[in-house]
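Inspection log for the structure reproduced underneath, given as structure tokens.
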Amino acid sequence: MIVVAFTWAEFAEQVAAGLASGAVYASLALALVLIFRTTGAINFAQGEMATFTTFIAWSLMNHGLGFWAAFPIVLVIAFVGGIGIERTLMRPFERGPVVSAAIVTLGLALVLNGLMSVIWGGADRTFNGGFSTRTVKIAGAHISIQYIGMVAVLFVLVALLAVFFRFTKVGLALRAASLNPDSSRLVGIRVGWMFALGWGLAAVVGAIAGLMIAPIESLGPDMMQVILLYAFAAAVLGGLDSPVGAVVGGLLLGLVITLLGRYVGYVGQTLKLPVALLLILALLVVRPGGLFGRVAARRV
Amino acid sequence: MPRSKLLLEAVSFAVLVALVWIAPHHVSDFHARELASVGVYFIALLGLAILTGYSGQISLGNGAFMAVGGYTTAILSVDHGVRDVWTIPIAGVVAGIAGLLVGIPAVRLSGVYLALVTFGIAVAFPQLLKKYTHFTGGTTGKILTLPKAELGVHTTPNRWLYYLSWAIALVLLVAAWALVRGKAGRTMQAVRDSEVAAVSSGINVALVKTLAFGISAFYAGIAGALYAMSVFYVNPDTFPILLSIWLLVGLAAGGVGSLAGLIGGAALVYYLQNHADAVARWGNHLPGLSLDPKQPGIPSIIFGAVLIIVMLALPAGVGGLMRRVLRPLTSRLYSRS
């Protein structure tokens with residue numbers, strides 16, 4: 001039932017692969033947490049938004065731009081797009097029940113998925129990422145440079161976001177608006193625009209996730225669907241209101257799933273996800289807020 | 001509750017029964033089959049309404065309970081030769097037990113966490129079905145026998161499915177109505193509105209929440225069994241992940257708080273999934289719009305757009321719309337408490 005042949009070199013490679021996929025889950029989970037924390041709603045369209053921006057990057061690269069030239073352009077487009085979506089589509093649902101907002105994001109996901117098929121066609125295509133696919137030899141193991149790059153991008157992203165939230169006025173306003181919208185309005189914060197900003201940032205983070213995973217999985221309209229599921233699991237694991245939790249949850253989930261799938265024969269490829277979800281459920285029973293989340297004290 | 005309100009509800013129910021009875025004579029055989037599917041969704045939505053609407057536990061996993069019911073029917077009728085009609089209550093009970101098992105750990109979770117965990121169950125379940133092939137037939141699944149009219153009824157298979165589904169649906173509607181109107185319903189709503197207050201009133205919150213899951217799963221299991229019978233084939237893709245999400249959409253569209261409005265929700269969910277081409281043709285009447293419903297991607301765009309429009313136009317669902325429309329009548333008969 002248990003372990004197959006084991007070498008340290010392969011273990012290191014599996015760990016690298018697990019952390020790299022974990023970095024993608026973590027990024028998308030971070031986007032989900034951003035929107036959940038600012039607006040309280042779950043964005044089911046996060047994956048499709050990321051795939052959409054990745055397709056835009058693909059088109060730009062098809063017209064001759066290099067990956068790193070297209071990168072900032074796509075991030076700006078994602079930012080503007082995210083703000084636009086919040087201000088138009090989500091605005092009527094800011095104050096209503098969260099379920100309605102969630103269903104609207106579901107509708108958005110469907111629309112985006114369909115648009116991608118219509119504009120770019122449903123076939124998968126290769127995407128050349130920003131990192132070389134060569135491997136580097138570290139202590140006997142062949143670690144892909146791409147994996148190292150992905151994890152590095154995640155850490156840079158997290159650092160930038162942390163600086164933004166802690167040391168800038170806008171970051172403070174965003175935190176205030178999500179914590180207490182009514183009081184924030186009283187001190188002059190435009191809460192609606194803060195929500196929009198949250199969506200914009202989430203769209204950017206999602207775009208980065210898409211750009212990182214596209215070289216590994218081929219680029220197609222359904223690319224992010226399974227990854228979004230893992231991202232939800234990672235966000236829940238880490239605590240839905242904790243960005244740190246999203247990152248830790250994502251990396252942990254990526255690691256656990258890769259290692260379980262490789263080393264526990266019974267689990268194999270089919271049971272990877274159910275087992276991971278079972279573990280998360282077990283954790284939540286013990287800690288209902290996830291690893292780093294806080295369960296709000298309930299008033300009677 | 002006021003006598004006049006009770007009378008009004010009884011009359012509406014009688015009207016509904018009459019409509020259900022005569023409808024097959026006025027629609028084609030195929031449409032009878034479609035209406036049967038609407039009935040199946042209605043049963044599943046009744047269960048979800050009890051769980052999410054009345055006891056406040058958001059579940060994105062009822063599709064998995066439908067799968068439990070559907071597979072129970074398949075396994076019993078294919079592998080053990082049980083007559084399909086008798087598998088329906090068994091499927092309900094088996095699914096109900098699964099619901100109780102899920103409900104026990106779910107007591108500790110609330111809100112979005114519960115929603116995502118149940119979503120995880122919906123995602124994981126097809127994988128489990130694929131793994132345990134000995135039981136479930138794996139990805140190939142099982143083929144059931146074609147439905148035939150039974151119990152002394154002589155009619156076409158489609159109309160038989162219609163009558164079976166809707167007879168069960170109406171019985172379950174009355175059961176749900178009785179549950180919700182009585183003490184049990186008020187207990188559930190108390191748990192939904194404030195757990196702390198409910199506990200201090202002496203309610204066993206864990207028991208109520210777990211039972212709600214069990215009942216909801218029972219309904220879903222019956223719906224799953226009927227669905228399996230109507231497509232006479234089960235495999236892991238018969239009850240996909242998206243099904244659980246469609247159920248929640250149906251609940252939101254039907255309107256929480258109105259059991260009959262759920263019929264509208266069920267109709268929306270069924271017709272949206274299966275008649276994107278009709279919506280596209282209708283949309284083509286608008287100036288400037290020219291949609292080819294056969295092009296891949298267009299159906300998705302249409303579903304999504306309709307979903308968004310429905311949420312914008314009917315924030316309280318079909319039930320809310322019905323209440324608003326009927327208010328001039330009902331406000332004269334009784335005062336709203």
Side-chain angles (χ1 to χ4, degrees), chain A residues 36 40-42 44-45 89 92-93 96-104 106-119 121-122 221 225-226 229 232-233 235-236 239-240 268 270-278 280-282 284-290 293 295-296 298-300, chain B residues 52 58 60 102 104-117 119-121 123-128 130-132 138 194-200 241-242 245-246 248-249 251-253 256 292 295-312 315-317:
Chain A
F36 179 73
I42 294 291
F44 280 108
L89 217 52
F93 299 97
V98 184
V99 175
S100 308
I103 292 181
V104 170
L106 187 63
L108 179 64
L110 287 168
V111 169
L112 286 176
N113 191 293
L115 271 176
M116 284 190 285
S117 285
V118 168
I119 299 178
Q225 282 176 357
V226 175
L229 300 177
F232 275 128
V236 167
L240 272 167
T270 342
L271 285 187
K272 273 196 311 193
L273 189 53
V275 170
L277 291 172
L278 193 64
I280 294 175
L281 177 62
L284 283 176
V285 170
V286 174
R287 281 184 72 90
V295 183
R298 285 180 287 213
R299 312 184 73 156
V300 176
Chain B
T52 298
I58 305 181
L60 283 173
V102 169
I104 295 173
V107 169
R108 293 271 287 167
L109 304 171
S110 59
V112 189
Y113 289 97
L114 181 62
L116 290 174
V117 165
F119 187 53
I121 293 174
V123 168
F125 200 68
Q127 302 295 99
L128 290 175
K130 281 181 198 157
K131 173 83 178 180
Y132 296 104
S194 172
E195 267 188 53
V196 180
V199 166
S200 29
I241 301 171
L242 216 49
I245 298 189
W246 282 122
L248 193 71
V249 170
L251 181 66
V256 178
D292 171 14
Q295 195 183 0
I298 295 285
S300 286
I301 299 180
I302 295 174
F303 298 166
V306 172
L307 212 53
I308 295 173
I309 293 172
V310 167
M311 282 292 114
L312 280 169

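By convention in this document, chain letters (A, B, ...) are assigned in the order of the sequence lines, proteins followed by strands, and residues within each chain are numbered from 1. Computed from a predicted structure; not experimentally measured.
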| said: Can a donor-acceptor pair be found, under 3.5 Å and without considering hydrogens, that links the side chain of B/Y113 to the backbone of A/L240? | reply: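 Looks like yes, one N/O pair under 3.5 Å.
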| task | State which residue, out of A/I280, A/L277, A/L281, fulfils the side chain to side chain contact (heavy atoms under 4.5 Å, CB included) condition with B/V117. | result |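 Of the listed options, the one satisfying the test is A/L281.
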How close do [X] and [Y] get, heavy atom to heavy atom, and via which atoms?
{"X": "A/L110", "Y": "B/G304", "value": "CB-CA, 3.8 Å"}
{"X": "A/V286", "Y": "B/R108", "value": "O-NH2, 3.3 Å"}
{"X": "B/L248", "Y": "A/I103", "value": "O-CD1, 4.0 Å"}
{"X": "A/P92", "Y": "B/L312", "value": "CG-CD2, 3.7 Å"}

| request: Find the one option among A/S117, A/P274, A/A109, A/G239 whose heavy-atom pairs under 4.5 Å with chain B are most numerous. | output: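 Top option by heavy-atom pairs under 4.5 Å: A/P274.
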| chain B: which of A/N113, A/L89, A/L284 shares the most heavy-atom pairs with it under 4.5 Å? |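 Among A/N113, A/L89, A/L284, the one with the most close pairs to chain B is A/L284.
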| field | Between CZ on residue A/F93 and CD1 on residue B/I308, distance to nearest 0.5 Å | value |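 It is 8.5 Å, given to the nearest 0.5 Å.
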| task | Supply the atom-to-atom distance A/L106 CG to B/M311 CE, rounded to the nearest 0.5 angstrom. | result |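 It is 10.0 Å, given to the nearest 0.5 Å.
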| field | Part of B/I104 within contact of chain A (heavy atom distance under 4.5 Å) | value |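 When you check distances to chain A, no heavy atom of B/I104 falls under 4.5 Å.
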| task | Could you tell me which residues satisfy side-chain contact (heavy atoms from CB on, under 4.5 Å) with B/I241, sequence neighbours excluded, listed by chain and number? | result |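 side-chain contact (heavy atoms from CB on, under 4.5 Å) check on B/I241 returns A/L229, B/F119, B/V123.
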| field | Any residue meeting side-chain contact (heavy atoms from CB on, under 4.5 Å) with B/P126, in chain and number order, not counting sequence neighbours | value |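 For B/P126 the side-chain contact (heavy atoms from CB on, under 4.5 Å) partners, ignoring immediate neighbours, are B/P236.
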| task | Between chain A and each of B/I301, B/L307, B/L251, B/V310, count heavy-atom pairs under 4.5 Å; write down the option with the most. | result |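 Going by pairs under 4.5 Å, I would pick B/I301.
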